[in-house]
Amino acid sequence: MHKTALVLFSGGQDSTTCLAWALARYERVETVAFDYRQRHAIELQARLNVQREVKAQFPQWAHKMGQDHLLDLAVLGQVSETSLTRDTAFAMEASGLPNTFVPGRNLLFLTLAAALAYRRGLEVLVTGVCETDFSGYPDCRDDTMKAMQLALSLGMDKRFLIETPLMWIDKAATWALAESLGGKALVRLIVEHTHTCYLGERTQRHAWGFGCGNCPACALRARGWERYAAV
Ligand code: ZN
């Protein structure tokens, strides 16, 4: 029985749901994020706000929340041309992948998370990757995760488990999962404090939270909310 976990926690809807999922299961949960000069430091602020609110509103979870880690990954900006790290607009590439795709990003994240988990004595890596509302990111696939679990466990000679609670559910089901874990209070917290918008927009408030309402991340979040709210 696993007791400790490290959640890859960006401060968005998905990773906040994963954080709640881990807090409901494990005795000690630490969090990690990667600063790769995202165009919007607003995400990094959102994750601090989410952590503060989870601690304040969920005393049954607060005592399980351990250290938070922020790793500097500025190097990603040196190897990758992407609308997340450079000042270019969102677009689809000829490859069929959006230009928000950073080749190997999740592989790098998981490798660093595993190294951190090794040092901190944490057994499970929890990540919000998902094949269902698939943006076409090949490093979010279930097979990729299984291969990484094997590679990391062999390469560090320690059994890591990679848990992906969102892998087979869509955005509507992700809202429903949050509700089942923390009730309407958790849903409200996610609406109010998480950040998903690619443009870093936080002046427009919608039923599903803050965002421009038009970028692919906002569109996905809004569609999921509409289907969740309609049930
Ligand atoms: Zn947006």
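Positions are given from 1, in the same order as the sequence printed here. One-based numbering, in listed order, for ligands and for the atoms of each.
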Do the rings of F109 and Y36 sit parallel, tilted or perpendicular, given the 30° and 60° boundaries? tilted
Return yes if a side-chain donor-acceptor contact under 3.5 Å exists between T194 and T16, otherwise no. no
Between R28 and E30, is there a side-chain N and carboxylate O pair less than 4.0 Å apart? yes
Would you say N49 and Q45 are linked by a side-chain donor-acceptor pair, where the criterion is simply a distance under 3.5 Å? yes
Hey, are E27 and K64 close enough for a salt bridge, meaning a charged N less than 4.0 Å from a carboxylate O? no
Could you check whether T196 and R221, counting side-chain N and O atoms only, form a donor-acceptor pair closer than 3.5 Å? yes
Near the Zn ion (ligand 1) (under 2.8 Å) - protein N, O or S atoms: C197 SG, C212 SG, C215 SG, C218 SG
